[in-house]
Amino acid sequence: MAKKVRVRFAPSPTGPLHIGGLRTALFNYLFAKKHGGDFLLRIEDTDQVRYVEGAEDYIMEALAWCGITYDEGVGKGGEHAPYRQSERKAIYAEYAQMLLDKGDAYYAFDTAEELDAQRKNYEQHGETFIYNWHNRQNLTNSFSLSPEEVKERLQRGDAYVVRFKMPQETLTLHDLIRGEVVVDTKLLDDKVLFKSDGMPTYHLANIVDDHLMEITHVIRGEEWLPSMALHVLMYRAFGWDAPQFAHLPLILKPAGMGNGKLSKRDGDKMGFPVFPLEWVDPVTKNISKGYREDGYLPEALVNFLALLGWNPGVDQELFSVEELIALFDLEKVNKAGAHFDIEKIKWFNHQYLQKMPLITLVENFSSVLAGKEISASKESLTQIVTLIRERATFLTDFWELSHFFFVAPHSYEAKAFKKQWKENSAEIVNSLIGVVDSLTDLTPAHIESQIKDFITKHNLGLGQVMPLIRLALVGEMKGPDVFSIISILGKEQTILRLQNLIQYAKEQ
Ligand code: GLU
């Protein structure tokens, strides 16, 4: 029987989760659900220096907001708990020892200053310092020191690290997205796996945990591709089966801004968030924008991210999560980076807003209005929302698109007034008041026919009449269909606003 698929999202709590990280979580989730497998959340917090207060809660809240649920992990528990690496500290020393015993790892005692001096020395010769086979016997470690000396240093409590002994070979790796990747391991360094303070580095903790948590597929960002050889070699050294790997393409800057990775700076420059939720830096108190706070719907963000680097191979763009799960296939994930596109995510948001149940939109808008101390009947709100929703991209657009229904204009856009108000305008508006007053039916169709009859009867043009009505009702040349506005405002309010315009014109 094939092994049950188990994947994990393993972020480090070093700050807010970038949307690239969110996409990694999403792809893991889709893959797990597609294969009836498990999705885990593991927090990789072994790097105490980079630990940021609140980042872990942020990650969990962001996943929850997007509906990316996990089966095991921090905040949830599970068979392989704990899922926070800082709570698993005791486990790793044993595995570092295992590699030492097998001769695949060794002790090194070089101080930071010594390594720095080496680095500088290499740089002076135009070379890069790599700690590996070619110089390890000249550095301070188990290769250059006698076993007694190593023992003595350890007993004395000298600071040390455990390094992986990188072999010298040509290694062929297989990546589910990139295919074969050939690596000359001679060019790689002897990575630090463990430190004398008892803390593992990312590499050791990651491999040990993936093994103990029975991870079958490692799906992560492209920035980890250079670590794949080391990881595969570590599995081999331990004598464990390696999981399959898939390295997702980068999310790149918007088209036209170069081919670099999308950064927070790009977002700041162009006014869009790169984080799912707003983030307040615990130290500087600087605020970074979030999609949630900017009025985006999680469904829109999820749909957008799913297609960033993955081509489902069908002529469709809007997908429910169930559809995404059914179609998801790592082999259709592109190798090349995908350019971020803020207009596209706005488009998705607009689409999802149109799909939201009318009642939800009405309730939401009603609470926005309550905050402004405006109350309106459910019936009229339903009419208003129906009329304007098509023009809204965000929930927050509703007020901007409809404020004139609730507050009569107290001024008129100067340029429009100047252009529209002619000698006979007062007379036209006056007659319109009569037309509105005699309406027997307030459906937009009836209003339209009555006003158009009036226009024809008086030999006027639409252009002489309609802009005046709009100006009177809205205050500017914007808004939905005028007949629908009259229908919602009602006779009394429409007449009042037409009178206000005449009065205003008199005062000019
Ligand atoms: N902790 C790593 C990160 O922050 C995880 C990389 C991996 O998935 O192996 O991205």
Side-chain angles (χ1 to χ4, degrees), residues 5-32 37-52 54-60 62-63 68 70 72-74 80 82-89 92 95 164 173 175-178 181 191-193 199-235 238 240 242-251 261-264 274-276 279 305 309 330 333:
V5 164
R6 284 174 61 83
V7 294
R8 82 313 190 259
F9 178 49
S12 298
T14 54
L17 182 63
H18 185 277
I19 52 167
L22 188 64
R23 187 197 55 174
T24 300
L26 174 65
F27 281 21
N28 273 283
Y29 169 82
L30 296 176
F31 185 78
D38 297 327
F39 173 49
L40 283 67
L41 173 68
R42 182 173 74 225
I43 297 289
E44 302 208 325
D45 58 349
T46 52
D47 190 344
Q48 302 292 310
V49 182
R50 295 184 60 217
Y51 180 83
V52 172
E56 184 184 301
D57 287 341
Y58 179 100
I59 290 165
M60 293 199 275
L63 294 179
I68 304 174
Y70 45 94
E72 291 171 35
V74 171
H80 298 273
Y83 292 90
R84 200 180 276 117
Q85 288 186 329
S86 57
E87 290 168 25
R88 303 171 62 79
K89 202 175 147 187
Y92 308 113
Y95 290 94
F164 186 69
L173 306 166
D175 183 280
L176 292 169
I177 296 169
R178 282 144 220 280
V181 180
K191 276 271 182 298
V192 174
L193 302 181
M199 269 304 200
T201 59
Y202 153 72
H203 300 291
L204 180 67
N206 186 270
I207 266 58
V208 168
D209 284 348
D210 280 349
H211 172 71
L212 295 178
M213 294 179 183
E214 299 174 75
I215 297 303
T216 56
H217 297 75
V218 168
I219 305 169
R220 61 187 175 190
E222 183 179 321
E223 60 273 32
W224 298 104
L225 188 59
S227 299
M228 186 176 168
L230 168 68
H231 293 180
V232 167
L233 288 168
M234 285 173 73
Y235 281 102
F238 278 119
W240 300 334
Q244 289 189 267
F245 289 89
H247 289 91
L248 306 175
L250 292 176
I251 297 183
K261 196 172 149 181
L262 175 71
S263 71
K264 176 167 150 24
V274 298
F275 303 121
W279 166 257
L305 286 179
L330 277 177
V333 173

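Whatever order the structure lists ligands and atoms in, that order sets their numbers, starting from 1.
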Problem set entry | Closest candidate by heavy atom, reference atom 1 (N) of ligand 1, pool Glu44, His231, His203 | Glu44

Problem set entry | Proximity to ligand 1 by part of Thr14, non-hydrogen separation under 4.0 Å | neither

Exercise. Quick one: CD1 on Ile59 to CD1 on Ile43, what's the gap to the nearest 0.5 Å?
Worked result: 4.5 Å

Problem set entry | Protein contact of atom 8 (O) of ligand 1 - nearest heavy atom, named by residue and atom, plus distance | Arg8 NH1, 2.7 Å

Exercise. Which of the atoms of ligand 1 are close to Asn206, meaning less than 4.0 Å from one of its heavy atoms?
Worked result: 7 (C), 9 (O)

For this session: Look at the aromatic rings of Tyr95 and Phe238 and report parallel, tilted or perpendicular, splitting at 30° and 60°.
Result: perpendicular

Seminar exercise, completed: For Arg220, the ligand 1 atoms with a heavy-atom partner under 4.0 Å come out as 7 (C), 8 (O), 9 (O)

Problem set entry | atom 10 (O) of ligand 1 [closest protein heavy-atom partner, distance rounded to 0.1 Å] | Trp224 NE1, 3.2 Å

For this session: Would you kindly say whether His217 and Gln244 are connected by a side-chain donor-acceptor distance under 3.5 Å?
Result: yes

For this session: Could you verify whether a donor N or O on one side chain and an acceptor N or O on the other, from Tyr202 and Glu44, lie under 3.5 Å apart?
Result: no

Problem set entry | Heavy-atom nearest option to atom 4 (O) of ligand 1, drawn from Gly221, Ser12, Ser227, Gly21 | Ser12

Exercise. Below 4.5 Å, heavy atoms only, C-beta onward: do Leu193 and Ile207 meet side chain to side chain?
Worked result: no

Problem set entry | Nearest neighbour in protein (non-hydrogen) for atom 5 (C) of ligand 1 | Ala10 O, 3.1 Å

Exercise. For ligand 1, which part of Tyr202 has a heavy atom less than 4.0 Å away: the side chain, the backbone, both, or neither?
Worked result: side chain

For this session: Could you point out which residue of Arg8, His80, Arg6 forms a side chain to side chain donor-acceptor pair (under 3.5 Å) with Glu72?
Result: Arg6

Exercise. Are Asp209 and Tyr83 linked by a side-chain donor-acceptor pair shorter than 3.5 Å?
Worked result: no

